[in-house]
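Only one structure is covered here, and it is reproduced in the block below.
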Amino acid sequence: MWAIILLILVIAAVVSQLSGSKKRAWIGMKTTRVILLGYVGLLILLAGASLLLPMNNTSIKMLSEEEVEQSMKLQDQVISEAYRGTFEEENGLDVIEKWTLPLTSDELGITPINDYSIQVFIEKSSEVGEEIQITHYAGKTIVDGMDLTEKRDKVRIEMQGNELEIKNPSHVSVKLAELSTGFPFQQFSSEKVEWFQSNSYGNIGMDVLYIKAPIGLKIEGQALYVN
Amino acid sequence: MYLTESNVRDIIFKQYRYKLQAYLGIFTSLIFIQVLGMLFSFSGTGSMGGGSDAFSYDVRTYSGSLIAIFTLVWAFSHGISLTTKQQRYDDFNFVTTRQVSNVANGLFLVTASGTAAITGLLTTCVLRLLVTQVLRTPSVAGVQLSVIDVVEGLIGFFLYILLFACVGYFIGMLAQTNKIVAFLLPVLLIGVISIQVYLGGEGTLLVDIGRFYVLEASFLLFTMKSVITSALFFLGACMLGNRLEVGV
């Protein structure tokens, strides 16, 4: 409230000063000086408070440029290797969830609900019996160095008879404020700032389902066989 | 033999003190312009967004850049305003010469620039506080600056403000020397930009000039560039001022 009153007084003082003629100014020099000092005092007080209060009031992890680059590379590498037929279980991507679902027949259909975009890789293995083992991996979702992976909802998996339904996660919308000192305070900082071009970026991590199925299982649906 | 002996330093100091008192309006307009910059910045100085089927994000950037730019505009306009006939005549309330008047103006510009740099930094801090406490949007600090970065940034900001003030002072004095210059300068500026565009390029004259300073990551080199340019503009303005007739 006091800040608003002070703001109104400051604007009134400015208008008074800018009106040019000292005779017309309804705020005297003394009052103007008091307002100026009051304003500077208030600025110092609020600026001090801003330094004491934490700026990062979210649990969002900030990644360094190297970490961002590594994570992008990793996602591309895993996907391209999988397309070439190789999929490592310990591949470095985040494991979101694991399921083990029993099979009721020797056929399995894979149906993404609502055409949810997800990469499905299948490995036929003698290690699994009358069940399928599913692992959900996800690449990191990074926006301007902020790791938003944990903000995303999870993919839901359900077995309906011999149909494996992949249900899309609920839509999550994230609103964030990025605080920056800006020009010219960042000019000499070690963090490189491009003033004449935007260096903002956002990457939504890719969802990957890796299914380990018994050798004899017939699978229908959009999926790639690996290993 | 006079009843009162006065030396140049005393006169400069008296004039400087007089200017601090008389031009209080410059500081109130500084506050006004910085508060205005803060209010404009409150809606964000940049934003980005994106999304997929299951996830979308909207990131708004809040920075003090707009406050800084508004402050530079203020410095430029007040550099000009110091050269008006009325302001120059005020100096002759004292026993003075044009050199003394110029030095007092220089000191006043340095003081005003220093004050503007400090209040600009403080206003940026207040903006951060308002964004986190009033808007209540989950916030993250973008680039983390060290104390050295902030100190260098503050000095850099001061040098930018001083540079703009000196350029304004020079242009103001140029316009006082010849009124046609006041019309010719913007025409020349727009003309050069238009010619650049006409020749198939982009009208990037101001951006190209800006790059010389803004893209300078070395603090020492930037200090040299800005101090030398400010000094050249200020000396140029003094030389022009010396040529002005008393009645001009």
Side-chain angles (χ1 to χ4, degrees), chain A residues 7 10-11 13-14 17-18 29 32-33 35-36 39-40 43-44 46-47 49-51 53 55-58 60 62 114 116-117 141 143-146 148 151-153 168-191 193 195-196 200 202 204, chain B residues 21 24-25 27-29 31-32 35 45-46 48 50-65 68-69 119 121-126 128-129 131-133 135 137-146 149-150 152-154 156-157 160 207 211 214-219 222:
Chain A
L7 185 68
V10 165
I11 291 169
V14 170
Q17 291 293 326
L18 291 181
M29 283 297 217
T32 311
R33 206 173 300 155
I35 291 170
L36 280 174
Y39 177 76
V40 172
L43 268 187
I44 293 169
L46 292 175
S50 84
L51 295 176
L53 291 167
M55 288 294 122
N56 281 2
N57 61 4
T58 62
I60 294 164
M62 293 300 291
N114 299 331
Y116 183 61
S117 168
T141 295
V143 177
D144 269 359
M146 294 173 265
L148 304 179
K151 298 274 173 196
R152 297 181 59 187
D153 194 24
N168 53 330
S170 313
H171 190 273
V172 175
S173 183
V174 173
K175 277 191 178 183
L176 286 170
E178 193 176 14
L179 302 170
S180 158
T181 39
F183 170 80
F185 293 92
Q186 281 170 242
Q187 186 172 339
F188 314 107
S189 76
S190 49
E191 296 272 350
V193 179
W195 295 112
F196 294 100
S200 294
I204 296 177
Chain B
Q21 304 260 339
L24 214 56
F27 293 103
T28 45
S29 64
I31 289 170
F32 176 74
V35 168
T45 47
M48 68 172 296
S52 66
D53 298 345
F55 185 77
S56 61
Y57 60 87
D58 176 21
V59 181
R60 283 199 177 196
T61 310
Y62 296 89
S63 78
S65 299
I69 290 164
T119 53
L121 175 65
L122 292 174
T123 311
T124 303
C125 292
V126 174
R128 288 158 71 105
L129 183 77
V131 170
T132 52
Q133 303 305 312
L135 288 184
T137 312
S139 62
V140 284
V143 177
Q144 298 280 2
L145 298 182
S146 65
D149 287 337
V150 174
E152 285 183 348
L154 184 64
F157 190 25
Y160 269 118
V207 174
R211 276 178 206 274
V214 172
L215 294 185
E216 184 53 72
S218 160
F219 178 68
F222 170 79

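Chain letters run A, B, ... following the sequence lines, proteins first and then strands; every chain starts at 1.
Partner of A:Gln187 under the side chain to side chain contact (heavy atoms under 4.5 Å, CB included) criterion, out of B:Tyr160, B:Phe157, B:Phe219: B:Tyr160 alone. With A:Ser50 as the fixed residue, the side chain to side chain contact (heavy atoms under 4.5 Å, CB included) test singles out one of B:Leu122, B:Val126, B:Leu129: B:Leu129.
For a residue to count as touching a neighbouring chain, one of its non-hydrogen atoms must lie under 4.5 Å from one of that chain's; by this rule A:Ser170 touches chain B with the backbone only. Interface remark: B:Thr45 contributes no atoms to any contact with chain A (heavy atom separation under 4.5 Å). At a 4.5 Å heavy-atom cutoff, the contact between B:Val59 and chain A is made by backbone and side-chain atoms alike. For A:Val143, the part lying near chain B is the side chain, with the backbone staying farther off; criterion is any non-hydrogen pair under 4.5 Å.
In this structure, the side chain of B:Ser65 engages the main chain of A:Phe183 through a donor-acceptor pair within 3.5 Å.
Looking at B:Leu154 and A:Phe185, their side chains come closer than 4.5 Å, going by heavy atoms from C-beta outward. Contact annotation: the side chain of B:Thr28 never approaches that of A:Tyr39 to less than 4.5 Å [non-hydrogen atoms, C-beta and beyond].
Within the model, atoms OH of B:Tyr57 and NZ of A:Lys151 stand 15.5 Å from one another, a figure rounded to the nearest 0.5 Å. Rounding to the nearest 0.5 Å gives a distance of 8.5 Å between CG of A:Leu36 and CZ of B:Phe27. From B:Cys125, atom SG reaches atom CG of A:Leu43 across 9.5 Å, with rounding to the nearest 0.5 Å.
Residues meeting the side chain to side chain donor-acceptor pair (under 3.5 Å) test with B:Thr61, sequence neighbours left out: none.
Looking at every heavy atom in both residues, B:Phe55 comes nearest to A:Ile204 through O-CD1, 3.9 Å. Nearest heavy atoms, A:His171 versus B:Ser56: CE1-OG, 3.0 Å. Between B:Glu216 and A:Phe188, the closest heavy-atom pair is O-CE2, 3.6 Å.
Interface summary for chain A: among B:Gly156, B:Ser52, B:Gly46, the most heavy-atom pairs under 4.5 angstrom belong to B:Ser52.
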